[in-house]
Colleague: 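One structure, as structure tokens, below. Some questions next.
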Amino acid sequence: IGRRQGPRLTPAQRGEAERALAEIDHLCRPADRALVLRWLQRLGAGVRNPPAPDDFRVRAAAVVEACDDLPHAAWTAASCAEAMRRFDWWPSVSQLHSMLSEWVRPVWSARHGLRVALDASQDTRPPAPRPPDDAAREAVRATVAACVAEIDARAAPPMPAERVTPRFL
């Protein structure tokens, strides 16, 4: 299935969409481990039963591993504040992943929408072929005539029919 043809973006619109996509791609870069650990430490300060330091390392490692598909934009101060409001107790990894996935869904949707708009605005049809001019037609005629002449020259003369006489055994 080919690309959808959408409305043509003006050069200014296209430039704005490309800049916005670059910013969103920057937000969607992979999160580094240190950022996730700082986020989890802030979350631990806002819930009732934060894990003990030894337990924190184990739980943090589980979060880092399970949430490696979440981008940098998921691990913000605003998302941490939302987690503190949502969770009274230290959340499970699946609860964190679900909440953070909801948090970054608008970013992913915006990135997808911008990519679709930029792809759809490109004219992907090949240019229409131009009709042949008289010189091109004459060149084709000369080439066909040369091919026919060569085929005729290569044709072997017909072989004479041999006379067959029946013999009796």
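As the structure is a computational prediction, the values presented were derived from the model and not from experiment.
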Colleague: Flag the pair Pro71 / Leu27 as yes when at least one side-chain heavy-atom distance between them is below 4.5 Å, and no otherwise.
Modeller: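 No; the side chains remain at least 4.5 Å from each other.
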Colleague: So how far is it from Cys80 SG to Leu40 CG, rounded to the nearest 0.5 Å?
Modeller: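 Those atoms lie 8.0 Å apart.
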Colleague: When rounded to the nearest 0.5 angstrom, what is the spacing between CG in Asp152 and SG in Cys147?
Modeller: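 Separation between the atoms: 11.0 Å.
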Colleague: Measuring from Ser98:OG to Trp103:CH2, what's the distance to the nearest 0.5 Å?
Modeller: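 Nearest 0.5 Å value for the OG-CH2 distance: 15.5 Å.
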Colleague: Does Leu96 belong to the same Ile/Leu/Val/Met/Phe/Trp/Tyr cluster as Trp108, with side-chain heavy atoms less than 4.5 Å apart forming each link?
Modeller: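 Hydrophobic grouping puts Leu96 with Trp108.
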Colleague: Using 4.0 Å as the upper bound for N to carboxylate O, is an ion pair formed by Arg85 and Glu82?
Modeller: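 Looking at Glu82 and Arg85, the cut-off is met.
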Colleague: Test salt bridge (charged side-chain N to carboxylate O under 4.0 Å, His left out) on Asp55 and Arg59 and set out the steps.
Modeller: CA-CA 6 Å; Asp55 192 31; Arg59 289 178 183 238; 2.8 Å; yes
Colleague: Can a donor-acceptor pair be found between the side chains of Trp39 and Thr76 at a distance below 3.5 Å?
Modeller: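 Result is no, nothing qualifies.
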Colleague: Is the CD atom of Glu16 crowded by more than 12 outside heavy atoms at less than 6.0 Å?
Modeller: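 Not more than 12 within 6.0 Å, no.
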Colleague: I need the minimum non-hydrogen distance between Met84 and Gly46, along with the two atoms involved.
Modeller: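 Of all heavy-atom pairs spanning Met84 and Gly46, the closest is SD-CA, 3.8 Å.
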Colleague: How about Arg130: does its CZ atom have over 12 heavy atoms from other parts shown lying under 6.0 Å from it?
Modeller: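 Atom CZ in Arg130 is not crowded, with 12 or fewer foreign heavy atoms closer than 6.0 Å.
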Colleague: Check Arg111 with Glu23, please: is the shortest side-chain N to carboxylate O separation under 4.0 Å?
Modeller: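 Looking at Glu23 and Arg111, the cut-off is not met.
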Colleague: What is the distance from atom CD of Glu65 to atom CZ of Arg33, rounded to the nearest 0.5 Å?
Modeller: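 Interatomic distance, Glu65 CD to Arg33 CZ, rounded to 0.5 Å: 10.0 Å.
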Colleague: What pair of heavy atoms forms the shortest contact from Ala74 to Ser79, and how long is it?
Modeller: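 Heavy atoms of Ala74 and Ser79 come nearest at O-OG, 2.6 Å.
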Colleague: About how many Å separate CG of Leu43 and CZ of Phe87, when rounded to the nearest 0.5 Å?
Modeller: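 The distance works out to 8.0 Å.
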Colleague: Check Ala17 against Leu118 and note the closest heavy-atom contact, atom names and distance.
Modeller: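 In this case the closest contact between Ala17 and Leu118 is CB-CD2, 3.8 Å.
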Colleague: Compare all side-chain heavy atoms of Trp75 with those of Leu100 and state whether any distance is below 4.5 angstrom.
Modeller: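 Result yes, sub-4.5 Å side-chain heavy-atom pair found.
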Colleague: Side-chain contact test, heavy atoms from C-beta onward, threshold under 4.5 Å: evaluate it for His97 versus Val63 and give yes or no.
Modeller: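 They are not in contact (no side-chain heavy atoms under 4.5 Å apart), so the answer is no.
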Colleague: Taking Asn49 for its side chain and Trp90 for its backbone only, find out whether a donor-acceptor pair lies under 3.5 Å.
Modeller: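 Indeed, once roles are kept as given, a pair shorter than 3.5 Å links the two residues.
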Colleague: Do Val107 and Met99 belong together in a cluster built from hydrophobic side chains that touch within less than 4.5 Å?
Modeller: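 No; tracing contacts between hydrophobic side chains, which count when under 4.5 Å, never links both residues.
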Colleague: Ion pair present between Asp25 and Arg115, side-chain N to carboxylate O less than 4.0 angstrom?
Modeller: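 Salt bridge between Asp25 and Arg115, a charged N being under 4.0 Å from a carboxylate O: yes.
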Colleague: Does Val140 belong to the same Ile/Leu/Val/Met/Phe/Trp/Tyr cluster as Val148, with side-chain heavy atoms less than 4.5 Å apart forming each link?
Modeller: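 Yes, Val140 connects to Val148 through the hydrophobic network.
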Colleague: Less than 4.5 Å apart, side chain to side chain, heavy atoms only: is that true for Asp134 and Glu138?
Modeller: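 Answer no - side chains too far apart.
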Colleague: Regarding Asp32 and His72, is there a side-chain donor-to-acceptor distance under 3.5 Å anywhere?
Modeller: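 No, because no side-chain N or O of Asp32 sits under 3.5 Å from a partner of the opposite role on His72.
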Colleague: Please report the interatomic distance CG(Leu114) to CD1(Ile24), rounded to the nearest 0.5 Å.
Modeller: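 Answer rounded to 0.5 Å: 5.0 Å.
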